[in-house]
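Inspection log for the structure reproduced underneath, given as C-alpha cells.
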Number of protein chains: 2
Amino acid sequence: MSSRDYLGEFEHIVILALLRLAGRAYGVTVRQEIEARTGREVSIGAIYATLDRLETKGYLKSQFGEPTPERGGRSKRFFHVTAKGVSAVNRTHRAVQSMTQGLDLIGSHS
Amino acid sequence: MSSRDYLGEFEHIVILALLRLAGRAYGVTVRQEIEARTGREVSIGAIYATLDRLETKGYLKSQFGEPTPERGGRSKRFFHVTAKGVSAVNRTHRAVQSMTQGLDLIGSHS
DNA sequence: CAATTTATTCTATATTGTATAGCTAATGTC
DNA sequence: GACATTAGCTATACAATATAGAATAAATTG
C-alpha cells in the first residue's frame, strides 16, 4: 500500500466500468458505460487522464488491439484491471461500508 | 446542482461521519469516528479543511457551542449535514451502485 | 493522396486531499 | 493575576485528482 490507499471518486467509477466491460474496455466504451449507467457526462480527456493515472499506480494494464475493419478507426487501447486494482476497489468499498453501517440516510435533516 | 455534483472520496467519508455522530459532531469526534471505523489516520487539519469546503458548498452548517468546564475546554464548533448534503450523499451512493450492479468483485484478475 | 472517421495524447486549470504549524480560549496553580 | 497547560480551531502550503478542449495519429475509401 502506497501513499494514497483509496481510489478517488472518479477513479472508482472508472475502474468499475472496466470491470463490467471486461474484455472490451477502451476509452470510448468506458465513457459510454459511465454515461449510460450513471447519466453523468464526462469528457473523453477526463477518462484517459484517469486511466493513465490508474495504470501508473499499477491498478490497470493496457495493450493495443488490432485495428478493426471499420471506416477509419485507429487501433484501440484495451484496459483491464489488475489484482492490485481489485484490492483497491474492495478497500474503498469497505471504507464506505464501515461508515455507512447502521445509517438509514434519506433522513430528515435541516 | 452546481459544477461538481459528486462528493470527493474523503468528503464522502467525512459527511458520513457527521451523519452518524448526529448532534455531537465536531472536529475531534469526527476524526475519532473515522479512525475508529476505518482504521484510517487523518490529520486534524485535513478534517477541518474538508468540513470548511463542505460548508461552503452548503452541504453542512456549523455553530459554536458553550465552552465545557474542563481544563482547556474551549467551545466546540458543531457541524450538521443539511438536506442538500444528504442529497449529495445519496447521489454519490447511487452512482457507485449503478456501476456495481451485477458485479461480483473479489474476482480473479491478472 | 485528400477527406473522413475513430481513437488517443497533450496541455492547462480548478478542485480535493493532506499535513504542519500556529493561534485562541479555557482552566488550574502559586 | 501571571503563567503553564490543555482542548480545539485556523492558516497556509503543496500534492494529487478531476475535468475539459484542442491537437495529433492511425485507419479506410474514393
Side-chain angles (χ1 to χ4, degrees), chain A residues 2-15 17 21 24-32 34-35 38 40-57 59-60 62-79 88 92 95, chain B residues 1-15 17 21 24-32 34-35 38 40-60 62-79 88 92 95:
Chain A
S2 50
S3 59
R4 216 188 223 61
D5 294 339
Y6 301 93
L7 296 169
E9 187 274 325
F10 190 56
E11 291 180 327
H12 190 183
I13 297 293
V14 166
I15 207 168
L21 287 166
R24 59 209 160 77
Y26 72 100
V28 174
T29 52
V30 170
R31 184 192 199 180
Q32 286 172 345
I34 293 172
E35 291 196 3
T38 68
R40 172 180 190 171
E41 285 187 20
V42 274
S43 71
I44 189 68
I47 300 282
Y48 281 109
T50 302
L51 287 169
D52 285 342
R53 227 178 315 115
L54 289 171
E55 185 167 33
T56 298
K57 291 195 252 179
Y59 294 160
L60 310 180
S62 70
Q63 69 280 331
F64 286 89
E66 293 302 299
T68 50
E70 307 168 60
R71 179 83 170 88
R74 74 182 274 193
S75 56
K76 300 164 174 49
R77 183 177 165 204
F78 290 103
F79 294 86
T92 301
Chain B
M1 287 195 226
S2 48
S3 58
R4 215 189 224 64
D5 292 342
Y6 301 92
L7 295 170
E9 187 272 328
F10 190 56
E11 292 181 325
H12 189 183
I13 296 293
V14 166
I15 207 166
L21 286 166
R24 60 209 159 80
Y26 71 100
V28 174
T29 51
V30 170
R31 184 190 199 184
Q32 286 173 345
I34 293 172
E35 291 196 5
T38 69
R40 172 180 189 171
E41 287 188 17
V42 274
S43 72
I44 190 69
I47 300 283
Y48 282 110
T50 301
L51 288 169
D52 285 342
R53 287 181 192 141
L54 289 171
E55 184 166 34
T56 297
K57 292 193 250 179
Y59 294 161
L60 309 179
S62 69
Q63 68 280 329
F64 285 88
E66 293 302 301
T68 49
E70 308 166 60
R71 184 184 186 85
R74 76 180 272 195
S75 56
K76 300 163 172 51
R77 182 176 165 203
F78 289 103
F79 294 86
T92 300

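Being a predicted model, the structure only gives us computed values, none of them experimental. Numbered from 1 within each chain, the chains take letters A, B, ... in sequence-line order.
Atom CD of A:Glu66 is separated from atom C1' of D:dA26 by 13 Å (rounded to the nearest Å). Computed from coordinates, the A:Asp5 CG to D:dA15 P distance equals 19 Å when rounded to whole Å. We find that OH of B:Tyr6 is positioned 14 Å from C1' of D:dT19, with the value rounded to whole Å. Taking atom NE2 on B:His12 and atom P on C:dG17, their separation rounds to 11 Å, with Å as the unit. Nucleotide C:dT15 holds its C1' atom 13 Å from the CG atom of B:Leu7, rounded to whole Å. Rounding to whole angstrom units, OH of residue A:Tyr59 and C1' of D:dA16 are separated by 13 Å. Look at CG on A:Leu51: it is 14 Å from P on D:dT19, rounded to the nearest Å. Between the CD1 atom of B:Ile47 and the C1' atom of C:dG17 there is a distance of 11 Å, rounded to whole Å.
When distances run from any side-chain atom of B:Glu11 to the nucleotides D:dA20, C:dT16, D:dA27, the shortest one goes to C:dT16. Distance from the side chain of B:Lys57 is smallest to C:dT16 among C:dT18, C:dT16, D:dA20. Taking only side-chain atoms of B:Glu9, from C-beta outward, the nucleotide of C:dG17, D:dA27, D:dG8 with the closest atom is C:dG17. Listed candidates were D:dT17, D:dA18, C:dT16. Nearest to the side chain of B:Arg53 is C:dT16. Across D:dA20, D:dA18, C:dT20, the shortest atom-to-atom separation from the side chain of A:Ala46 is found for D:dA20. With distances taken from any side-chain atom of B:Pro67 to the nucleotides C:dA26, D:dA18, D:dT17, the minimum falls on C:dA26. Of the candidate nucleotides C:dT20, C:dG17, D:dG8, D:dG8 has the atom nearest to the side chain of B:Lys76.
Partners of B:Glu41 under the side-chain contact (heavy atoms from CB on, under 4.5 Å) rule, at least two apart in sequence or in another chain, are B:Glu35. Shown here are the salt bridge (Lys or Arg N to Asp or Glu O under 4.0 Å) partners of A:Lys76, two or more places apart in sequence or in another chain: A:Glu70. Partners of B:Ala46 by side-chain contact (heavy atoms from CB on, under 4.5 Å), not counting sequence neighbours, listed by chain and number: B:Phe10, B:Ser43. Not a single side chain to side chain donor-acceptor pair (under 3.5 Å) links B:Arg24 to another residue, sequence neighbours left out. Remark: B:Glu55 pairs with B:Ser62, B:Arg77 by the side chain to side chain donor-acceptor pair (under 3.5 Å) rule, at least two apart or across chains. Legend: residues meeting side-chain contact (heavy atoms from CB on, under 4.5 Å) with B:Glu9, ordered by chain and number and at least two apart, are A:Tyr6, B:Ile13, B:Arg40. In this structure, B:Arg53 has no side chain to side chain donor-acceptor pair (under 3.5 Å) partners at least two apart in sequence or on a different chain.
Atoms CG and CZ, from A:Leu51 and A:Arg31 in turn, are 12.5 Å apart once rounded to the nearest 0.5 Å.
Nearest-nucleotide mapping onto DNA chain D: of A:Phe10 and A:Gly73, the residue sitting toward the 5' end is A:Phe10.
Considering only heavy atoms from C-beta on, A:Leu54 comes within 4.5 Å of A:Leu7 through its side chain.
Backbone-only engagement by A:Arg40 is indicated by non-hydrogen atom pairs under 4.0 Å involving sugar-phosphate atoms exclusively.
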Table of protein N/O atoms under 3.5 Å from nucleotides 28-30 of chain C N/O atoms:
from   : atom 1 : to      : atom 2 : distance (Å)
C:dG28 : O4'    : B:Arg71 : NH1    : 2.6

Could I get a table of every N or O pair under 3.5 Å where one atom is in the protein and the other is in nucleotides 9-13 of chain C?
from  : atom 1 : to      : atom 2 : distance (Å)
C:dT9 : OP2    : A:Arg77 : NH1    : 2.7

Before giving the answer on side-chain contact (heavy atoms from CB on, under 4.5 Å), spell out for A:Tyr59 and A:Ile15 the whole-Å C-alpha distance, their side-chain angles and the decisive distance to 0.1 Å. CA-CA 9 Å; A:Tyr59 294 160; A:Ile15 207 168; 4.2 Å; yes
